[in-house]
J.: 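Below is a structure I'd like to ask you about.
Just so it is clear, the structure is predicted and the values come from calculations on it, not from any experiment. We count ligands from 1, going down the list as the structure has it; atoms in each ligand are counted the same way.
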Amino acid sequence: LRVAVLVSGGGTNLQAIIDAVENGTITNTELVGVISNNKNAYALTRAGNHQIPAQCVSPKDFETREEFNKVFLEKVDELKPDLIVLAGFLVVIPEEMISRYRNKIINIHPSLIPSFCGTGYYGLKVHEAALARGVKVVGATVHFVDEGTDTGPIILQKAVEVEEGDTPEVLQRRVMEQAEWKILPHAIDLIANGKVTVKDGRVSIAR
Ligand code: GRF
């Protein structure tokens, strides 16, 4: 499976994917490229450290969002991906890309969707909201990307306990370590081995 990974930040989810491919946890997969909207994203360095072609395409470099969308989609198409993974990617995916890659784009969101998701819920904000609500369990979700925000068919979820005295930063780290870095590689391996099907907006996973 030709997998392209889109990133914006530190790239710890990308690192988890790279490590999983290298240690055989993810099979039948080739990481064909990494694209970031942020030239300073450490994720680009992580890709370079593992000889994965990495590039930056930023909306800041274009007059209009339409211009960016056109070039961005061209760069993605050039990689000829079978699967596109959003790993901490913070730019809205162009509609044309969503329809062209229907059920071929997946995203990792740091909550148990449908809690704490949608516009405005990203990064630390997700965990601040969870602590403010006083939930006892949080977690992460891998889902297919559709036209909405965090609304596509759910592939995998993993729960994480909230502990006394958790700060947003501590909780975010636990969710990343115990959930995100496990279910994202697992979802890629399932898809690479043809175990995932979508019907009526719901995902079934073959054993
Ligand atoms: C983190 O907030 C993570 O929860 C979310 O994306 C952000 C950056 O992750 N999935 P990464 O370290 O760039 O993978």
J.: Identify, by atom number and element, the atoms of ligand 1 in contact range of Gln172, meaning under 4.0 Å from any of its heavy atoms.
T.: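 Taking each heavy atom of Gln172 in turn, ligand 1 has 1 (C), 2 (O) under 4.0 Å.
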
J.: Consider only side-chain N and O atoms of Thr27 and Asn193, and report whether a donor and an acceptor are under 3.5 Å apart.
T.: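 Thr27 vs Asn193: donor-acceptor pair found between side chains.
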
J.: Write out the residue and atom name of the closest protein heavy atom to atom 7 (C) of ligand 1, then the distance separating them to 0.1 Å.
T.: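 Protein heavy atom with the smallest distance to atom 7 (C) of ligand 1: Gly88 CA, 4.2 Å.
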
J.: With a 4.0 Å cut-off, would you call Arg174 and Glu163 a salt bridge?
T.: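 The answer is yes: the pair qualifies as a salt bridge.
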
J.: By number and element, which atoms of ligand 1 are closer than 4.0 Å to a non-hydrogen atom of Met176?
T.: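 Reading through ligand 1 atom by atom, the close ones are 9 (O), 12 (O).
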
J.: For atom 9 (O) of ligand 1, what is the nearest protein heavy atom, given as residue, atom name and distance?
T.: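 So the nearest neighbour among protein heavy atoms is Asn13 ND2, 3.7 Å.
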
J.: I'd like to know whether ligand 1 has Ala43 as a neighbour, heavy-atom separation below 4.0 Å.
T.: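 Under 4.0 Å: no for Ala43.
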
J.: Looking only at side-chain N and O atoms, does Asp150 offer a donor or acceptor that is under 3.5 Å from a partner on Tyr122?
T.: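 Short answer, no.
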
J.: Are side-chain heavy atoms of His127 and Pro110 found at a separation under 4.5 Å?
T.: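 Yes, side chains in contact.
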
J.: Per the side chain to side chain donor-acceptor pair (under 3.5 Å) rule, which among Thr141, Asn13, Thr12 passes with Glu180?
T.: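 Single side chain to side chain donor-acceptor pair (under 3.5 Å) partner of Glu180 among Thr141, Asn13, Thr12: Asn13.
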
J.: So is Val7 touching ligand 1 or not, going by heavy atoms under 4.0 Å?
T.: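 Outside the 4.0 Å threshold, so no.
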
J.: With respect to Thr12, determine whether any N or O atom, backbone or side chain, lies less than 3.5 Å from an N or O atom of ligand 1.
T.: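 Yes, since at least one N or O of Thr12 sits under 3.5 Å from an N or O of ligand 1.
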
J.: First locate atom NZ of Lys75, then atom SG of Cys56, and finally report the distance between them rounded to the nearest 0.5 Å.
T.: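 Separation between the atoms: 11.5 Å.
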
J.: Suppose I only count heavy atoms of Glu180 and a 4.0 Å limit; which atoms of ligand 1 are within that range?
T.: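 Answer for ligand 1: 3 (C), 4 (O), 5 (C), 10 (N).
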
J.: Assess Gln15 for proximity to ligand 1: is some non-hydrogen atom of it under 4.0 Å away?
T.: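 No, Gln15 has no heavy atoms under 4.0 Å from ligand 1.
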
J.: Just need the protein heavy atom nearest to atom 13 (O) of ligand 1, so name the residue and atom and give the distance.
T.: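 It is Gly11 N, 2.8 Å.
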
J.: Salt bridge check, Glu169 against Arg173: does any charged N sit closer than 4.0 Å to a carboxylate O?
T.: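 Result for this pair is no, no salt bridge flagged.
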
J.: Could you tell me if Ser8 and Asn37 have a donor-acceptor pair between their side chains, going purely by distance under 3.5 Å?
T.: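 Side-chain D/A pair, Asn37 to Ser8: present.
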
J.: Please determine, by modelled atom types, if Ser36 and Asn38 share a side-chain donor-acceptor pair under 3.5 angstrom.
T.: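 Not at all, the side chains of Ser36 and Asn38 share no donor-acceptor pair under 3.5 Å.
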
J.: Would you mind running through ligand 1 and noting each atom that sits below 4.0 Å from a heavy atom of Gly123?
T.: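 Answer, ordered by atom number: 2 (O).
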
J.: Ignoring angles and geometry beyond distance, decide whether Leu14 reaches within less than 3.5 Å of ligand 1 through its nitrogen or oxygen atoms.
T.: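 N/O-N/O distance below 3.5 Å does not exist for this pair.
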
J.: Mark up the atoms of ligand 1 that fall under 4.0 Å of a heavy atom belonging to Pro110, in ascending order.
T.: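 Answer for ligand 1: 4 (O).
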
J.: Report, as yes or no, whether the 6.0 Å neighbourhood of atom CD on Glu147 holds more than 12 heavy atoms from other residues, nucleotides or ligands.
T.: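 For Glu147, atom CD is crowded (more than 12 foreign heavy atoms under 6.0 Å).
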
J.: Could you tell me, atom by atom, which parts of ligand 1 come under 4.0 Å of a heavy atom of Ile108?
T.: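 Counting atoms of ligand 1 from 1, those under 4.0 Å from Ile108 are 10 (N).
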
J.: How does His109 reach ligand 1, if at all, at less than 4.0 Å between non-hydrogen atoms: by side chain, backbone, both, or neither?
T.: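 No part of His109 comes within reach of ligand 1.
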
